[in-house]
Protein chains: 2
Amino acid sequence: MTDDTRWLAPEESAAWVRLVALAELLPGALDAQLLRDAGLTHFEYGALMALAAAPERTMRMTELASRTNATLPRLSHVARRLEERGLIERFPCPEDRRATNATITPAGLALISEAAPGHVETVRANVLDALAPEQLEQLYVIAGAVLARLDPDARLSATSCQFSEGPVDHVVA
Amino acid sequence: MTDDTRWLAPEESAAWVRLVALAELLPGALDAQLLRDAGLTHFEYGALMALAAAPERTMRMTELASRTNATLPRLSHVARRLEERGLIERFPCPEDRRATNATITPAGLALISEAAPGHVETVRANVLDALAPEQLEQLYVIAGAVLARLDPDARLSATSCQFSEGPVDHVVA
DNA sequence: CGCATTCAGTTGTTGCGTCAACCAATGCGG
DNA sequence: CCGCATTGGTTGACGCAACAACTGAATGCG
């Protein structure tokens, strides 16, 4: 059994193990804080933020799914739950009657405005505060290189997502 | 409403968005390949690898749970499924009759030996090959700094996990 | 020695994500 | 126009993870 697999060198293995651990722990930490303080998963928070940032606070389901890296069924389930809670509303798109538009409600805006500071604080405490400015830059480049492999179409890092950590007030105003 | 939240600066936001995207996509990519080629989730693969690396190929459930970042109930369910598939075996610990020991079976060893090359190849293709050596080092340091916040007890990056990407043959031999 | 507490694991329930099937609307080729 | 594949979205069933409750064994304390 000639095995031509290139096994990982020690430096590779060490970095890889840490990256995997990071990828496993980070989502849980984000969910835990948001769920505790606002009753939202990080995914729901991201979806609401994307809606808040959209023109007219409205977006097609398909586009929202793409921006949040969700499958359409997943988004549909989540949207139903958010709608039941009065945080968003859905209505058929006038131009294309197959499509559905989703809008964030005032209650939804209020909720994310309230949740945002705590979330940002969590991000700082768990990640950003641990890094020097040059490490932030390195992280940006490294994650970009990996994402180019993982997400060649760059759906996820589309424009509006950068907004997802800013204040919401100017939208509410 | 005086809001003293320190919102994210553009560089912070950019790096953060990419990190979140990475953390969201990576587990799915790992699961997809392993599930397709070996019928294992990445978590199951990691658990089997940890067992293969353990002395006597045996470990206490609690220790295994800690190493794989699983809750005990989760590991219990997973272990039952793996046992039903004949990949591991469980038996009461002689020294402490509360405890349960888990051992990987020859079939389990065979499965992970078979699965390992494809998994390593996936890791290279999606991550390692995208990074220069110095970036690998940077990633190691950055992930370490973040993990110190996220996982202060360093349960997850415990000793044996580094092994999880090496060849299995010397264990099988 | 007897009882309470803690520890190790399992089991049941609930909630979320995925997959496959489905319905409705569009638009395109004949 | 008329069939038919394609697109946009929803629904239902199934699998896995989190949480809580429970069992049984070990320990500690009077």
Side-chain angles (χ1 to χ4, degrees), chain A residues 23-36 39-47 58-85 87-103 155-156, chain B residues 23-36 39-47 58-85 87-103 155-156:
Chain A
E24 218 143 299
L25 291 174
L26 190 52
L30 299 176
D31 280 342
Q33 180 270 324
L34 277 169
L35 223 46
R36 175 168 46 80
L40 290 173
T41 63
H42 183 242
F43 176 79
E44 291 169 333
Y45 177 83
T58 298
M59 219 183 288
R60 297 268 268 264
M61 292 291 284
T62 299
E63 194 188 346
L64 185 56
S66 177
R67 303 251 192 161
T68 55
N69 189 39
T71 61
L72 212 36
R74 177 183 183 187
L75 181 61
S76 187
H77 286 303
V78 171
R80 179 179 46 72
R81 292 190 287 263
L82 291 178
E83 194 171 29
E84 284 167 359
R85 294 169 64 182
L87 302 176
I88 71 168
E89 276 175 0
R90 284 183 293 180
F91 52 91
C93 173
E95 301 123 22
D96 184 341
R97 273 179 305 198
R98 296 173 294 187
T100 303
N101 282 335
T103 308
R155 296 176 312 151
L156 207 137
Chain B
E24 216 143 301
L25 292 174
L26 191 52
L30 299 176
D31 279 342
Q33 181 269 325
L34 277 169
L35 222 47
R36 175 168 45 81
L40 290 174
T41 63
H42 184 242
F43 176 79
E44 291 169 332
Y45 177 83
T58 298
M59 219 184 287
R60 297 266 270 262
M61 291 291 283
T62 299
E63 194 189 348
L64 185 55
S66 177
R67 303 250 193 166
T68 55
N69 187 40
T71 61
L72 211 37
R74 178 184 183 186
L75 181 61
S76 184
H77 287 299
V78 171
R80 178 179 48 72
R81 292 191 288 263
L82 291 178
E83 194 171 31
E84 286 167 358
R85 294 169 63 181
L87 302 177
I88 70 168
E89 275 174 1
R90 285 182 293 180
F91 52 92
C93 174
E95 301 124 23
D96 185 341
R97 273 179 304 197
R98 297 174 292 185
T100 303
N101 282 335
T103 307
R155 296 175 312 151
L156 207 137

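Only a predicted model underlies this, so the values are computations on that prediction, with no experimental measurement involved. Naming convention: chains lettered A, B, ... in sequence-line order (proteins, then strands); numbering from 1 in each chain.
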Legend entry - Nearest-angstrom distance from the residue atom CZ of B/Arg85 to P of D/dC16: 9 Å
Inset, instruction - Grab the CZ-C1' distance between B/Arg97 and C/dC7 for me, whole Å please. - result: 15 Å
Legend entry - A/Asp31 side chain vs A/Thr41 backbone, donor-acceptor pair below 3.5 Å: no
Legend entry - Options D/dA17, C/dA25, C/dT10, nucleotide nearest the side-chain atoms of B/Thr100: C/dT10
Legend entry - Protein-nucleotide distance (A/Leu25, atom CG; D/dA17, atom C1'), rounded to Å: 15 Å
Inset, instruction - Take the protein atom CD of B/Glu84 and the nucleotide atom P of C/dT11, then report the distance between them rounded to whole Å. - result: 10 Å
Legend entry - d(CG, B/Asp31; C1', D/dG15) in whole Å: 13 Å
Inset, instruction - Write down the atom of B/Gly39, the atom of B/Glu44, and the distance for their closest heavy-atom approach. - result: O-OE1, 4.1 Å
Legend entry - Distance in angstrom units between A/Leu35 CG and C/dT14 P, rounded: 18 Å
Inset, instruction - Starting at atom CE of B/Met61, determine the distance to atom C1' of C/dC7, rounded to an integer number of angstrom. - result: 15 Å
Inset, instruction - Rounded to the nearest angstrom, tell me the gap between atom CG in B/Asp96 and atom P in D/dG24. - result: 16 Å
Inset, instruction - Compare every heavy atom of B/Ser76 with every heavy atom of B/Met61, then report the nearest pair and how far apart it is. - result: CE-CA, 4.0 Å
Legend entry - Comparing A/Ala99 and B/Pro94 on DNA chain D - which has the more 5′ nearest nucleotide: A/Ala99
Inset, instruction - Mark yes or no for a side-chain to base donor-acceptor pair under 3.5 Å between A/His77 and D/dG12, with no hydrogen or angle criteria applied. - result: yes
Inset, instruction - Measure from the side-chain N and O atoms of B/Asn101 to the backbone N and O of B/Phe91, and report whether any donor-acceptor pair falls under 3.5 Å. - result: no
Inset, instruction - Indicate, with a heavy-atom threshold strictly under 4.0 Å, whether A/Thr71 touches base, sugar-phosphate, or nothing. - result: sugar-phosphate
Inset, instruction - Name the residue closer to the 5' end of DNA chain C, choosing between B/Leu72 and A/Arg74 according to the nucleotide with the nearest heavy atom. - result: B/Leu72
Legend entry - Per A/Arg81 side chain, nearest of listed nucleotides D/dT10, C/dC16, C/dT11: C/dC16
Inset, instruction - Please examine the side chains of B/Cys93 and B/Arg60, heavy atoms only from C-beta on, and report whether any two atoms are closer than 4.5 Å. - result: yes
Legend entry - A/Arg98 side-chain proximity, nearest of C/dC19, C/dT10, D/dT7: D/dT7
Inset, instruction - Measure from the side-chain heavy atoms of B/Arg90 and tell me the nearest of C/dT10, D/dA25, D/dG8. - result: C/dT10
